[in-house]
Amino acid sequence: MEEKRIILKNCGVIDPRSLLSYLEIGGFKSFEKARDKMSPKQIIDEVKKSGLTGRGGAGFSCGLKWEISRNTKSDKKYIICNADEGEVGTFKDRYLIMNDPFSLIEGICIAGLAVGAQEAYIYLRAEYHYLYDLLCSAVLQVKEKGFLKHMNLTVFEGAGAYICGEESALMNSIEGKRGESRYKPPFPPVQGLWNKPTVINNVETLANIPHIIQHGATWFSSMGTARSKGTKIFCVSGDVTRPGVYELQMGSSLKGLICNLAGASDLKAVQVGGATGRIIPISMIDIPLSHETVMGSGAVIVFNNERDIIDIVYKNLLFLHEESCGNCTPCRDGLEAMVGIYERLSVFNGAQNDLKMLEDLSRVMSLASLCGLGQAASIPVMDSLNFFRNEYIQRIEQSMLLRSCRTIDDQCPREVERGNQI
Amino acid sequence: MIKEARNDHCSKCGNRSELLQRLKQELKGNRYLSREIMAKVADETGISLSDVYGVATFYSFLPVQKTGTHVIKVCRCVPCDIKNAQAMIQFIEQEIGISPGETTSDGLFSFQLVGCIGACDQAPAMMIDDELFGMLTKERISEILESYRDGAMPLSKVASKKIS
């Protein structure tokens, strides 16, 4: 299997500190084409026709989002680049910004033309502060070159909150509030930042735009599957010999990615999409990577046969529980309850009805939570119950055995032998 | 009257949108956001103190309690956890004599466990202040901590991916 480096093609080739090096390889030609030869409607139609979908995990049509904002009457419109890459196992945006910030900025410039936005932000997570100066310098160089006459672009740094990767929480954060999710509708393209039409796109999504404008929608949509067009950057970590970023055509095989490219062996399972990502057992790793099957943010965490699936799910839930904004009961209290169950399972104190409880909680959380964090938190729970149920059953049986030893005063042979007081 | 109300709303928007950066600015000269600092920010922005406090306590990079000069943040998420993060955490505890959530008695280090910092390809990883350190080993941690004790802070080492 081979990579198909389109979005990553400039990484390691250009100097990320120098706009000149980007211009020398044809950078900003797409922006000039969009600005001088295309109307906003033509730009939007091209992006829609390309089939480009969001690369942050939600997979919404990029062109449709732009079109909705374009068609919403307002004195002010915004573009936000979501660089709050907090999803567990994801580091592609870090890699892109570090090695080619200009593709991203060119994409933002084109988005501004299409939507008619006057103001744009790159919301950079605080943990990436070491990229702040590089990004600001890139923006300044682009501005000085005259590519930002139509729009003001600011790098806005977050302050450490995973939930601010969710678009409504992100907007609240820019507005100087707690990063809590909003009720939707209204949706951001209609009513977003300061209640104005706002397009929010992931870093990777925007980095695709110059290529689509340069080579055309037909070229882009010739790659991929029915609903997942183009290429995707995957981030492989865990039990592999070659962790890192890999760019593949949509629809490529998960097995090819982790075994051929990343060097996985002795496989037990793979989690695709981050902390709320699907857990794929070894029997299914031939699965193609796409919106239709599994993908999410592109995080691919590989587990070998030494790994304890219950512990992995527990650690994911601990993270989500910590990061929940607390705004809605199903997520806040549901995660609290789930963490309690897994805490007991982790110390061999599971109970007979734990599995039913987890299934009931999963159903409620997925239906009733306000945003994706709560809605998707139960995905790894349900997948692990589906594919590794035996491990849970064994854990509960061991728990019951241990408890029965403890509760039979002076009758547990092991305790008598040890002379322990119960 | 409508124009005044709109202007007032816009100035409040402007003040409000600066809040996060304003609070971060205060941290440049202070180790944490004390009540006095938050009250000053509240006064200058026209936002209530309780609102400022509510915002500050939401974000992990805005401490409202005393922290050390340097804040060690070790990632405890799954990709780092399966690459021995737990052993690194225990080693740091031994090296600096405190547990996560605490600050050393000399005020040099605070120690926290955090969510994913986007360095999963360099696992296990940690941050000290804004610097990222990946591919941690006990030897590397010792060297890094020593350099902070000496006052010569090392630059972070975030390796880029192999260039094909």
Side-chain angles (χ1 to χ4, degrees), chain A residues 3 5 8 11-13 85-91 93-95 98-99 125-130 132 156-162 164 173-180 194 235-239 242-246 271 274-275 299 301 303-304 306-307 311-312 315-316 318-319 322-323 325, chain B residues 9-10 12-24 27 45 47 51-52 54-63 73 75-83 85-86 112-123 125 127 129-132 134 155-156 158-164:
Chain A
E3 283 192 79
R5 288 172 81 98
L8 296 181
C11 298
V13 173
E85 186 174 57
E87 189 55 76
V88 175
T90 316
F91 42 91
D93 297 341
R94 178 206 93 204
Y95 184 81
M98 187 185 282
N99 292 292
R125 65 180 309 207
E127 291 85 345
Y128 287 175
H129 181 78
Y130 54 85
Y132 181 77
F156 185 102
E157 201 176 84
Y162 164 79
C164 287
S173 184
I174 293 179
E175 290 183 13
K177 300 171 185 163
R178 290 166 65 89
E180 289 168 353
W194 309 119
C235 314
V236 185
S237 63
D239 294 320
R242 295 182 291 276
V245 295
Y246 295 91
Q271 187 168 21
I301 309 168
F303 306 119
N304 65 26
E306 284 178 29
R307 304 300 169 203
D311 188 56
I312 284 163
K315 297 255 160 59
N316 276 328
L318 278 174
F319 167 74
E322 174 74 27
E323 297 292 341
C325 74
Chain B
H9 169 72
C10 285
K12 277 186 183 148
C13 284
N15 289 339
R16 186 86 213 203
S17 73
E18 286 160 20
L19 180 58
L20 241 68
Q21 311 313 327
R22 186 79 177 73
L23 291 171
K24 284 173 144 199
L27 282 173
T45 57
I47 301 166
D51 207 344
V52 171
V55 169
T57 49
F58 187 85
Y59 297 94
S60 64
F61 276 56
L62 301 178
K73 295 179 179 177
C75 176
R76 61 163 170 185
C77 279
V78 167
C80 282
D81 184 67
I82 64 175
K83 288 291 174 190
Q86 201 49 47
Q112 295 171 6
L113 300 184
V114 295
C116 185
I117 52 178
C120 323
D121 54 341
Q122 321 287 327
M127 300 193 73
D129 306 327
D130 295 322
E131 298 289 333
L132 175 67
L155 289 174
S156 65
V158 179
S160 330
K161 188 200 180 246
K162 55 156 176 68
I163 309 302
S164 56

Can you give me the closest heavy-atom contact between [X] and [Y], atom names plus distance?
X	Y	result
A:Ile312	B:Val78	O-CG2, 3.7 Å
A:Arg178	B:Gly54	NH1-O, 2.8 Å
B:Cys116	A:Gly86	CB-O, 4.0 Å

Just to verify, what does B:Tyr59 make a ring-ring contact (aromatic ring centres under 6.0 Å, His included) with, not counting sequence neighbours?
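Testing B:Tyr59 for ring-ring contact (aromatic ring centres under 6.0 Å, His included), a comparison that skips the adjacent residues, returns none.
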- request: Could you tell me which residues satisfy ring-ring contact (aromatic ring centres under 6.0 Å, His included) with B:Phe58, sequence neighbours excluded, listed by chain and number?
  value: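 Counting only residues at least two positions away or on another chain, B:Phe58 forms no ring-ring contact (aromatic ring centres under 6.0 Å, His included).
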Who among B:Ile82, B:Val114, B:Val55 has the most heavy-atom pairs with chain A under 4.5 Å?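 The candidate making the most pairs under 4.5 Å is B:Ile82.
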| request: Taking B:Gln21 for its side chain and A:Glu157 for its backbone only, find out whether a donor-acceptor pair lies under 3.5 Å. | output: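 Yes, B:Gln21 side chain to A:Glu157 backbone: donor-acceptor pair under 3.5 Å.
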Does A:Lys177 use its side chain to pair, donor to acceptor, with the backbone of B:Asp51 at less than 3.5 Å?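 It does not hold such a pair.
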Roughly how far, to the nearest 0.5 Å, is [atom2] of [Y] from [atom1] of [X]?
X	Y	atom1	atom2	value
A:Glu323	B:Cys77	CD	SG	8.0 Å
A:Arg125	B:Ile117	CZ	CD1	8.0 Å
A:Arg307	B:Asp81	CZ	CG	8.5 Å

- request: Evaluate the side-chain contact (heavy atoms from CB on, under 4.5 Å) criterion for residues B:Arg76 and A:Phe319: first the C-alpha distance (whole Å), next the side-chain angles of each, then the deciding distance (0.1 Å), finally the verdict.
  value: CA-CA 8 Å; B:Arg76 61 163 170 185; A:Phe319 167 74; over 6 Å; no
Answer with side chain, backbone, both or neither: which region of [X] has an atom nearer than 4.5 Å to a non-hydrogen atom of chain B?
X	value
A:Asp239	both
A:Glu322	side chain
A:Cys235	neither
A:Glu180	both
A:Tyr128	side chain

Checklist entry - Do the non-hydrogen side-chain atoms of A:Glu127 and B:Asp130 ever get within less than 4.5 Å of each other? => result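 A side-chain contact is absent here, since even the closest heavy-atom pair is not under 4.5 Å.
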ask   = Mind checking whether B:Asp121 and A:Arg94 have side chains closer than 4.5 Å, heavy atoms only?
value =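 SC-SC contact between B:Asp121 and A:Arg94 confirmed.
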Heavy atoms only, distances under 4.5 angstrom: which of A:Gly274, A:Ala299, A:Gly158 has the most pairs with chain B? Name it, please.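 Top count of heavy-atom pairs under 4.5 Å with chain B: A:Gly158.
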Q. A:Ser237, A:Gly89, A:Gly238, A:Gly179: which one forms the most heavy-atom pairs within less than 4.5 Å of chain B?
A.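 Max contact count across the listed options: A:Gly179.
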Which one of B:Pro79, B:Cys80, B:Cys75 satisfies the side chain to side chain contact (heavy atoms under 4.5 Å, CB included) criterion with A:Val88?
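Only one of B:Pro79, B:Cys80, B:Cys75 forms a side chain to side chain contact (heavy atoms under 4.5 Å, CB included) with A:Val88, namely B:Pro79.
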